[in-house]
2 protein chains.
Amino acid sequence: MEKKVKLLLAEDDENLGLLLKEYLIAKGYETDLYPDGEAAYKGFTKNQPYNLCILDIMMPKKDGISLAKDIRQLNMDIPIIFLTAKNMKEDVLEGFKIGADDYITKPFSMEELIFRIEAIMRRVSQDANSHEDAIYKLGIYTFDSRKQILSGGEEEVKLTTKEAELLSLLCNNANKVLERNFALRTIWIDDNYFNARSMDVYITKLRKHLKDDPKVEIINVHGKGYKLIV
Amino acid sequence: MEKKVKLLLAEDDENLGLLLKEYLIAKGYETDLYPDGEAAYKGFTKNQPYNLCILDIMMPKKDGISLAKDIRQLNMDIPIIFLTAKNMKEDVLEGFKIGADDYITKPFSMEELIFRIEAIMRRVSQDANSHEDAIYKLGIYTFDSRKQILSGGEEEVKLTTKEAELLSLLCNNANKVLERNFALRTIWIDDNYFNARSMDVYITKLRKHLKDDPKVEIINVHGKGYKLIV
DNA sequence: ATGAACACTTAACAATATTTAACATTGGAA
DNA sequence: TTCCAATGTTAAATATTGTTAAGTGTTCAT
């Protein structure tokens with residue numbers, strides 16, 4: 001569900017910028033820092049794709065508002081958080097017109113920034129994932145990932161959340177190798193030993209659910225991961 | 001013709017205050033911002049009538065609590081929302097004694113604040129103008145969130161406040177995961193154990209209300225929250 | 001004031017989901 | 001082959017959620 005989140009950070013105050021970058025990285029966000037609006041724009045085009053932009057409004061070369069407009073030209077949907085240092089009524093109004101997702105005023109606490117980032121990422125990641133909501137045909141089975149239901153022949157099984165998430169990943173990578181660590185990071189977030197064993201347990205469960213059609217099979221690729229054969 | 005909802009906003013942090021004001025205006029609420037308790041009190045007497053007050057607790061000249069007391073002297077019924085830092089539960093309890101309707105802890109998302117305002121306006125006046133679609137179609141059911149009425153087929157059920165608030169949130173996030181903590185923060189304010197159990201009870205109630213249409217379903221996403229399937 | 005009606009919370013217990021543990025099996029490198 | 005790490009499988013332990021009912025407070029008409 002959660003891939004690595006990549007942030008674009010545009011902040012001209014070098015001290016604050018580096019501090020933020022360091023903190024965000026420590027919190028698990030891949031973060032690129034740019035010292036002004038132009039650099040940020042270039043960085044945005046070159047180092048795509050970013051998941052979220054954090055833009056200071058007061059910046060040299062190109063201010064945050066117009067930077068946001070330019071970014072939105074390239075990507076309608078990318079969430080933007082503005083950092084505002086001053087009493088900037090008109091700019092703020094302007095900002096709402098271009099669809100900023102949230103604002104945060106200096107001085108702010110790191111906790112607050114993280115909170116907002118998480119809130120926004122939750123929203124958009126769910127929007128994005130709703131595209132993955134799909135219906136898969138697996139031999140005699142039909143898997144509705146949105147409802148988490150696996151129907152085959154006459155029976156209809158309600159899968160648990162973890163079962164459904166894992167089967168979704170397998171379906172997305174049907175006939176290709178689904179890497180263990182990728183699956184662990186997306187579903188379990190952490191790829192430690194215990195979660196890995198937990199995943200093994202769920203592979204067993206899925207195999208039982210799919211046992212009625214010999215054409216459908218989850219095979220192990222030793223040391224790499226699993227492959228769903230259809 | 002809907003009448004405009006008029007808000008009094010008392011917040012000494014100028015940046016936060018202006019941002020909130022602009023955001024609320026963008027959301028269709030007429031909003032006056034005052035930088036301290038005394039100014040807010042004067043503004044309240046001069047620019048009547050307000051429909052709702054949003055008061056920061058920590059303010060110079062006159063803090064939010066005593067401001068609220070004074071405002072209540074003039075108007076017994078006006079709804080008040082306090083803005084408070086996390087570690088100020090005693091003050092908040094004090095606040096409830098004088099009849100605060102709600103409080104919200106910083107940091108909060110704009111989304112949460114809007115939901116609170118709407119919830120209160122719903123409670124206070126049935127014809128409050130809400131920028132949101134107040135009517136949802138759920139399979140055979142129709143849910144009017146303003147009137148808190150769920151009608152399906154021939155039956156018509158009057159939902160309780162909590163039922164309606166929870167169903168509203170679910171509808172806003174239809175086919176996506178509504179996170180437990182988000183729902184708890186927005187509806188129950190605190191996301192402690194007991195409130196979480198209370199929410200589970202309400203999920204059961206909603207499921208019963210929606211049981212006549214198998215196409216409509218509230219499924220649990222283990223460890224994350226609930227998803228309304230339509 | 002009194003109490004019935006209602007909304008909400010808390011408690012108690014049931015049912016599921018997930019993780020951890022334990023032991024069996026397999027695959028591949030030394 | 002031999003041995004170790006990776007995987008398979010089952011069951012116990014733990015955590016989360018489902019459900020019902022009792023408890024608590026509020027409202028409102030009498």
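Chain letters run A, B, ... following the sequence lines, proteins first, then strands; residues in each count from 1.
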Heavy atoms under 4.0 Å, any strand shown: does [X] hit a base, just sugar-phosphate, or nothing?
X: B/Tyr193; result: nothing
X: A/Lys205; result: base
X: A/Thr204; result: base

Please state how far atom [atom1] in [X] lies from atom [atom2] in [N], giving the value in whole angstrom units.
X: B/Ile189; N: C/dT9; atom1: CD1; atom2: P; result: 10 Å
X: A/Arg180; N: D/dT7; atom1: CZ; atom2: C1'; result: 7 Å
X: A/Lys162; N: C/dT16; atom1: NZ; atom2: P; result: 19 Å
X: B/Trp188; N: C/dT9; atom1: CH2; atom2: P; result: 7 Å
X: A/Asn220; N: C/dT26; atom1: CG; atom2: P; result: 13 Å
X: B/Asp200; N: C/dA14; atom1: CG; atom2: P; result: 17 Å
X: A/Asp190; N: C/dT20; atom1: CG; atom2: P; result: 11 Å
X: B/Ile219; N: D/dT17; atom1: CD1; atom2: P; result: 13 Å

Under-4.0 Å side-chain N/O to phosphate OP1/OP2 contact, [X] with [N]:
X: A/Tyr226; N: D/dG8; result: yes
X: A/Thr160; N: C/dA17; result: no
X: B/Lys208; N: D/dG18; result: no

Nucleotide of C/dT20, D/dA21, D/dG8 approaching A/Ile203 most closely (side-chain heavy atoms): D/dG8
B/Tyr29 six-ring face occupied by B/Lys6 cation (under 6.0 Å, within 45°): no
Does [X] reach the main-chain N or O of [Y] with its side chain, forming a donor-acceptor pair under 3.5 Å?
X: A/Glu165; Y: A/Ile187; result: no
X: A/Tyr141; Y: A/Asp212; result: yes
X: B/Asp56; Y: B/Gly64; result: no

Side-chain-base donor-acceptor pair under 3.5 Å for B/Arg197 and D/dT19: yes
Polar contact flag, side-chain donor to acceptor under 3.5 angstrom, B/Tyr50-B/Asn75: no
Pairwise 5' ranking along DNA chain C for A/Phe194 and A/His222, keeping only the more 5' one: A/Phe194
